[in-house]
Amino acid sequence: MNHPAAPDPNATIAYHLREPVRASRVGDHRGKGRASGQPDLARRAMLEKSRGRLVMAAAGFGLLFGAVALKATIATVIDPREPRRVAQPRPSLAPTSEQATGRAPITDRNGEILAVSLPVTALYANPRQIENPAEVARRLSRVLPQLDSSRLVGRLTGERQFSYLARALTPREKQAVNDLGIAGLHFEESERRYYPQGRAAVHVLGNVDVDGAGLSGMERYHDERLRARPNEPLRTSIDIRVQLALRDAVAKAIEEYTGIGGAGVVLDINTSEVIAMVSLPDYDAGDIGAATPEQRFNRVTVGTYEPGSTFKLLTAAAALEYGTGNVNSSSYNAASPIRYGRFTISDYKGKNRWLTFPEVLAYSSNLGAAHMAQGYGPARQREFMGRVGMLARQGIEITETALPLVPPANGWKEINMMTISFGHGISVTPLHVVNGIAAIANGGILRTPTLLAQPPGVVREGTRVVSERTSETMRRLMRLVVTDGSGKGADVPGYFVGGKTGTAQKTGPRGGYLPNKRIAAFVGAFPMNAPRYAIYVMVDEPNPNARSHGYATAGWVAAPAAGAVISRIAPVLGLVPENPVAPEILQSVSIPLQPGRPGPRPAAPAPGSPAPRPAAPAGTTPAVAPRPATPAPVPSTPTIPPPVPLRVTELDVMREGAVSRIRFSIAAQAATIPAATPPGAATQSHEAR
């Protein structure tokens with residue numbers, strides 16, 4: 001038994017079990033305390049160092065995965081985009097012409113954009129990388145329904161490395177193709193030509209092909225310039241406001257008279273800048289693939305037509321210029337038809353009497369015009385026609401222009417002279433007509449028509465074709481036709497319109513005239529006291545309606561359309577209407593129907609009675625109306641104010657089609673009745689009112 005004061009051995013054992021480390025330290029602190037602590041501290045230091053490295057590594061990986069996650073979120077959720085591809089050289093087999101090239105925009109004279117190139121995305125494929133062409137074609141046609149699946153299979157098959165699938169994709173279409181994830185499909189940035197005005201001025205602008213090269217119009221004529229200076233817009237003479245107004249008026253006339261087409265031109269009379277040019281039917285410039293040959297045909301510069309009575313203005317100007325006619329004293333026999341062999345020339349609703357010089361134009365007499373031309377003869381007529389540009393191609397800045405169809409020099413005979421005097425037996429384009437009449441009315445200067453805007457104040461060079469005196473007289477006569485003749489429908493109060501109507505029958509593909517197929521046209525200028533603009537309106541094959549009382553001549557069809565155009569565009573062009581009864585203006589533009597008529601003329605023959613003058617036998621020249629020995633001078637008139645320059649702001653396949661449309665025959669087609677008509681039969685000629 002232990003002593004009470006002695007320590008309990010069990011307690012000591014229990015203590016050591018509870019605090020082994022501490023007990024060890026207590027028992028051994030004297031001998032081993034310093035040696036046993038060194039390894040423990042070294043181990044602790046290594047653990048602390050490893051812990052720091054692990055924290056740094058974890059932080060680095062965290063930042064890396066965070067950046068990847070952020071990029072993936074942006075690319076797939078916030079702003080989905082096509083993944084950027086490592087720079088890949090274009091396949092060497094791709095044609096260099098396919099590369100996108102810059103092309104300058106085209107604007108109107110006021111800076112309105114008519115044609116512009118915009119960036120687009122093209123889709124092409126590397127057939128060598130396409131594993132299942134049929135499946136790829138099926139999937140592509142679902143997102144791009146405009147592509148034909150069967151054609152796609154052909155483009156996706158083969159050993160070539162480059163094949164275009166689509167030329168212009170919208171951003172939505174591009175994303176849809178990209179979402180398919182098909183290997184072997186690639187995108188290419190290119191450009192496409194857009195025409196914001198749609199159909200407006202389409203025959204002026206023309207088109208480009210899929211590679212951006214000019215096909216027609218100004219796009220082809222100025223192709224090199226548009227490529228060489230892509231940042232410099234090509235400024236045309238077209239005013240889009242006038243262009244739209246002219247198109248509306250011509251389209252309305254075609255609709256009212258159920259014509260097959262039409263044309264219109266507005267020309268600056270002093271610079272020959274084309275302010276507007278319309279050919280109908282037309283097409284959307286942005287969809288040339290859907291355009292028919294008829295729609296692509298430019299009636300203004302390629303279509304050649306017999307001009308009809310509009311040519312009587314040239315006949316009268318030539319007579320005045322050569323001195324063989326006098327506006328005050330000359331008169332012409334329109335009482336009896338002219339017979340030339342088996343052909344007969346007569347008037348449509350003629351006056352059946354002698355006509356003064358102004359009456360020949362006001363009443364649109366074929367007989368008067370033929371007698372007028374006899375005064376100077378075939379040789380001088382041909383010389384004058386060449387002088388006013390009717391025998392050569394117009395040098396305007398588009399590639400689609402036609403050569404007039406005229407008799408050869410050695411075939412320009414007496415019969416040709418007479419029929420050409422009233423616009424038959426010769427075929428020219430509408431641009432020939434309006435530019436020639438502009439020269440007659442502007443003081444006598446012929447200039448080459450242009451589609452490029454001219455600098456303000458610059459006078460273009462030209463060739464004098466008639467004297468200023470002849471031009472002044474012709475302006476009076478043109479005004480007379482509108483006030484007292486067949487062009488009344490073109491008059492617009494305050495703008496003193498002058499001009500001439502012309503109706504001519506169309507020739508067929510094998511020669512001869514087509515029954516009830518005609519061209520109705522009006523050509524003129526305004527205002528006649530100070531001419532600024534020339535205008536031409538034509539309807540192809542108009543048909544009569546109830547409103548025209550069964551007529552489809554130019555006085556009913558084309559003249560009102562021209563008047564509608566003038567009333568709309570004159571204010572737009574800055575022309576303020578004048579007082580229509582201002583004495584000084586009326587004096588400068590007026591001329592009486594029968595000026596200075598000396599003595600009575602032989603009365604018109606009664607029905608069934610012979611004409612006062614016998615008809616010329618076949619092969620001879622019909623008699624010409626007598627002229628006084630000394631022509632009376634034209635009375636002096638106030639000087640017409642000089643024309644004001646136009647306000648300018650800062651800003652060969654079709655040829656064959658034209659020839660196939662209008663065939664020309666020098667003899668039979670130049671006559672005014674079919675060849676089968678018995679000799680001596682008097683029939684009415686093709687009216688050209």
Side-chain angles (χ1 to χ4, degrees), residues 95-109 112-118 120 167-168 190-238 240 243 263 265 272-274 276-304 392-403 429-432 448-453 652-659:
T96 57
S97 61
E98 303 281 352
Q99 298 176 0
T101 57
R103 191 173 185 85
I106 302 176
T107 71
D108 81 338
R109 65 186 308 108
E112 290 291 332
I113 294 178
L114 304 180
V116 63
S117 295
L118 297 178
V120 295
R167 291 280 183 168
S190 61
E191 65 179 20
R192 182 176 181 181
R193 199 69 162 170
Y194 286 92
Y195 301 89
Q197 301 296 336
R199 296 173 178 265
V202 61
H203 293 95
V204 174
L205 300 172
N207 293 97
V208 298
D209 60 17
V210 294
D211 299 321
L215 282 178
S216 60
M218 298 188 75
E219 294 277 22
R220 180 178 177 182
Y221 190 94
H222 295 284
D223 186 65
E224 184 177 348
R225 179 254 186 262
L226 292 169
R227 290 175 178 268
R229 291 180 279 174
N231 297 322
E232 183 180 338
L234 179 65
R235 186 163 162 261
T236 70
S237 61
I238 297 295
I240 194 62
Q243 179 76 23
V265 182
S272 286
E273 291 173 277
V274 177
M277 180 190 293
V278 170
S279 176
L280 295 176
D282 54 14
Y283 62 95
D284 190 336
D287 191 16
I288 187 175
T292 64
E294 182 72 12
Q295 291 173 324
R296 297 176 62 182
F297 182 75
N298 188 348
R299 297 174 185 268
V300 176
T301 63
V302 180
T304 53
R393 195 189 306 267
Q394 290 288 350
I396 197 167
E397 300 95 341
I398 54 177
T399 55
E400 302 79 30
T401 57
L403 190 68
T429 70
L431 187 60
H432 281 87
T448 303
T450 180
L451 284 166
L452 296 178
D652 187 292
V653 177
M654 295 183 181
R655 163 70 177 167
E656 297 178 1
V659 175

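In this text the structure is predicted, and so the values were computed from the model without any measurement.
Between the side chain of R199 and the main chain of D282, a donor-acceptor pair closer than 3.5 Å is present. R393 places a side-chain N or O within donor-acceptor distance of the main-chain N or O of T401, the cut-off being under 3.5 Å. Judged by distance alone, with hydrogens and angles left aside, the side-chain atoms of R103 form a donor-acceptor pair with the main-chain N or O of G212 at under 3.5 Å. Panel note: side chain D211, backbone A213; no donor-acceptor pair is recorded below 3.5 Å. At least one donor-acceptor pair under 3.5 Å links the side chain of E397 to the backbone N or O of L451. Judged purely by atom type and a 3.5 angstrom limit, S117 has no side-chain atom pairing as donor or acceptor with the backbone of G102. The closest donor-acceptor contact from the side chain of R299 to the backbone of L280 lies under 3.5 Å. Without hydrogens or angle criteria, S237 side chain to V274 main chain gives a donor-acceptor distance under 3.5 Å.
The two residues N207 and Y195 come nearest to each other via the heavy atoms CA-OH, 3.5 Å. Here the closest heavy-atom approach between residue L118 and residue Y194 is recorded as CD1-CD1, 3.7 Å. Closest approach of L114 to T236, counting heavy atoms only: CD1-OG1, 4.0 Å. Pairing each heavy atom of Y283 with each of H203, the nearest pair is CE2-NE2, 4.4 Å. Of all heavy-atom pairs spanning E219 and R193, the tightest one is OE2-NE, 2.9 Å. A pairwise comparison of heavy atoms in T399 and G217 identifies OG1-N, 4.1 Å as the closest pair.
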**Request:** Assess whether side chain to side chain contact (heavy atoms under 4.5 Å, CB included) is satisfied between T450 and E273, documenting all intermediate values.
**Result:** CA-CA 5 Å; T450 180; E273 291 173 277; 3.9 Å; yes
**Message:** With side chain to side chain contact (heavy atoms under 4.5 Å, CB included) as the criterion, how do L452 and H222 come out once you've worked through the C-alpha distance, each side chain's angles and the decisive distance to 0.1 Å?
**Reply:** CA-CA 11 Å; L452 296 178; H222 295 284; 4.0 Å; yes
**Message:** With side chain to side chain contact (heavy atoms under 4.5 Å, CB included) as the criterion, how do M218 and L226 come out once you've worked through the C-alpha distance, each side chain's angles and the decisive distance to 0.1 Å?
**Reply:** CA-CA 10 Å; M218 298 188 75; L226 292 169; over 6 Å; no
**Request:** Please step through side chain to side chain contact (heavy atoms under 4.5 Å, CB included) for the pair T429 and T301, ending with a clear verdict.
**Result:** CA-CA 6 Å; T429 70; T301 63; 5.7 Å; no
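Separation of atoms CG (L215) and CZ (R220) is listed at 8.0 Å; rounding is to 0.5 Å. Rounded to the nearest 0.5 angstrom, S279 OG and R296 CZ are separated by 12.5 Å. Rounded to the nearest 0.5 Å, atoms CD1 (I106) and CD1 (I113) are 11.0 Å apart.
Atom CD1 of I288 has more than 12 neighbouring heavy atoms from other residues, nucleotides or ligands inside a 6.0 Å radius.
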